[in-house]
Amino acid sequence: MPVPLVHVLVLGGTTEARRLAENLAAPAPGFPLRFRVTTSLAGRVAAPRLPPGEVRVGGFGGPEGLAAWMREHGVDVLVDATHPFAATMSRNAAEAAALAHVPLLALRRPGWVAQDGDRWHSAGSLEEAAGLLPALGERVFLTTGRMGLAAFAGAGTDALWFLVRSVDAPEPPCPARMEVLLDRGPFDLDGERELLRRHRIDVLVTKDSGGDATAPKLTAAREAGIPVVVVRRPPVPQGVPVARTPDEAARRVRRLYASG
Ligand SMILES: NC(=O)c1ccc[n+]([C@@H]2O[C@H](COP(=O)([O-])OP(=O)(O)OC[C@H]3O[C@@H](n4cnc5c(N)ncnc54)[C@H](OP(=O)(O)O)[C@@H]3O)[C@@H](O)[C@H]2O)c1
């Protein structure tokens, strides 16, 4: 008898989404079903790292489009494993899951926690982060990604110099005085120390992305006594259950079927 297939749509673009796809693709001892995993990518990165299973690329056209796609492709479970700052997609996922009557789980790595010696300044948005900078330093290491650089291009930041690190090249509007460093994590501590030193960085800006891959910059900043502006995360949409790790998410997805 053929083994029943459960179709899981993973909204991806993160390491955790890839790990979840790997986990679900592997057979689990004692679990009677198999998963067909489709990962959806927004298409922002020119050469993304691909997960196992099927991959589709590009927007769905809002929550209605996502709901229609799920109906058309027989999706049984939706996992929002997007980056903690992909707030629009997370909202769309919550709406679409309700429209299509598909169970939804969010996969969110925990945020970072300040340690002794950290000089963190919390900001509610990129604009607020930009507003804090002139009082904190002049040579900024900006690691918030290539989208949203406009927030740092305003008049209040004219006197600042930026080292902008991103996976793909940013597009205007950008800060007037900047150097772009194209790179993709994981980053190691020695490399981050060297970057801060070589570019004489005196303030760092980061989103509270969490995870190990990009955390060494925080250690390097702590060691160097450099202030860090940390942009707070948007909340997960109300009522959406959250798993903190890919393994936990996979267990919760399997549990939907084990108990049902
Ligand atoms: N924001 C970050 O800092 C960040 C960092 C690293 C990686 N990422 C990844 O980059 C992607 C885009 O992030 P964002 O912050 O630009 O998103 P966003 O602002 O929340 O979403 C904007 C639109 O992009 C489309 N979209 C986003 N994620 C998608 C996905 N996984 N599959 C298909 N369409 C998607 C949707 O278009 P439609 O409405 O047309 O469906 C969505 O309405 C996400 O996959 C995210 O995981 C984001």
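For clarity, every value in this text was computed on a predicted model and none was experimentally measured. Just so you know, these numbers use all the heavy atoms, side chains as well, and skip hydrogens, waters and symmetry mates. For the single chain, residues carry numbers from 1 onward in sequence order. Ligands are counted one by one from 1 in listed order, and the atoms in each one are counted from 1 as well.
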Looking at Ala87, which atoms of ligand 1 are within less than 4.0 Å of one of its heavy atoms? 20 (O)

Straight-line distance of Arg91 CZ to Gln238 CD, nearest 0.5 Å: 13.5 Å

Between Glu194 and Arg198, does any NZ, NE, NH1 or NH2 come within less than 4.0 Å of an OD or OE carboxylate oxygen? yes

With atoms numbered from 1 as shown, which atoms in ligand 1 lie under 4.0 angstrom from a non-hydrogen atom of Gly12? 31 (N), 44 (C), 45 (O), 46 (C), 47 (O)

Look up atom CG in Leu104 and atom CE in Met70, then write down how far apart they are to the nearest 0.5 Å. 8.0 Å

Counting heavy atoms only, which part of Ala81 comes closer than 4.0 Å to ligand 1: side chain, backbone, both or neither? neither

Within a reach of under 6.0 Å around CG of Asp168, are more than 12 heavy atoms found that belong to other residues, nucleotides or ligands? yes

Can you tell if the side chain of Glu223 reaches within under 4.5 Å of the side chain of Leu189, non-hydrogen atoms only? yes

Number the atoms of ligand 1 from 1 as they appear, then name those within less than 4.0 Å of a heavy atom of Gly61, with their elements. 38 (P), 40 (O), 41 (O)

In the protein, what heavy atom is nearest to atom 41 (O) of ligand 1, and what distance, to one decimal place, separates them? Phe60 N, 2.7 Å

salt_bridge(Glu248, Arg252) N-O dist < 4.0 Å: yes

Applying a heavy-atom cut-off of 4.0 Å, say which part of Met147 lies close to ligand 1: side chain, backbone, both or neither. neither

Tell me the contacting part of Arg44 for ligand 1: side chain, backbone, both, or neither, using a 4.0 Å heavy-atom threshold, strictly below. side chain

Do Thr88 and ligand 1 have an N or O pair less than 3.5 Å apart? yes

Gly58 heavy atoms within 4.0 Å reach ligand 1 at atoms 33 (C), 34 (N)

So which heavy atom in the protein is nearest atom 13 (O) of ligand 1, and how far is it from that ligand atom? Ala86 CB, 3.9 Å

Per-atom contacts of ligand 1 with Gly59, taking only distances under 4.0 Å to non-hydrogen atoms: 34 (N), 37 (O), 38 (P), 40 (O), 41 (O)

Answer yes or no: does an N/O atom from His83 fall short of 3.5 Å to an N/O atom of ligand 1? yes

Between Ile226 and Leu204, what is the shortest heavy-atom contact and its length? CG2-N, 4.0 Å

How close does the nearest protein non-hydrogen atom get to atom 3 (O) of ligand 1, and which residue and atom is it? Lys207 NZ, 2.6 Å

Any idea which protein heavy atom is nearest atom 9 (C) of ligand 1, and the distance to it? Gly13 O, 3.8 Å

Residues Arg19, Asp247: salt bridge by 4.0 Å N-O rule: no

For atom 36 (C) of ligand 1, state which one of Arg146, Glu64, Met89 supplies the nearest heavy atom. Met89

Strictly by modelled atom types, are Ser122 and Arg232 linked by a side-chain donor-acceptor pair under 3.5 Å? yes

Considering only heavy atoms of Gly62, which atoms of ligand 1 have at least one such atom less than 4.0 Å away? 38 (P), 39 (O), 40 (O), 41 (O)

Subset of ligand 1 atoms that lie under 4.0 Å from at least one heavy atom of Ser40: 30 (C), 31 (N), 32 (N), 33 (C)

Determine whether the side chain, the backbone, both or neither of Leu41 has a heavy atom under 4.0 Å from any heavy atom of ligand 1. backbone

Report the C-alpha distance between Arg18 and Asn23 in whole Å, list the side-chain angles of each, state the deciding distance to 0.1 Å, and finish with yes or no for side-chain hydrogen bond (donor to acceptor under 3.5 Å, both in side chains). CA-CA 9 Å; Arg18 279 203 311 280; Asn23 186 316; over 6 Å; no

With a 4.5 Å heavy-atom cut-off, do Arg36 and Glu54 have their side chains touching? yes

In the protein, which heavy atom is nearest to atom 12 (C) of ligand 1, and how far is it? Ala42 CB, 3.7 Å

Any salt bridge between Arg165 and Glu192, counting N to O under 4.0 Å? yes

Under 4.0 Å from one or more heavy atoms of Asn92, ligand 1 contributes atoms 39 (O), 43 (O)

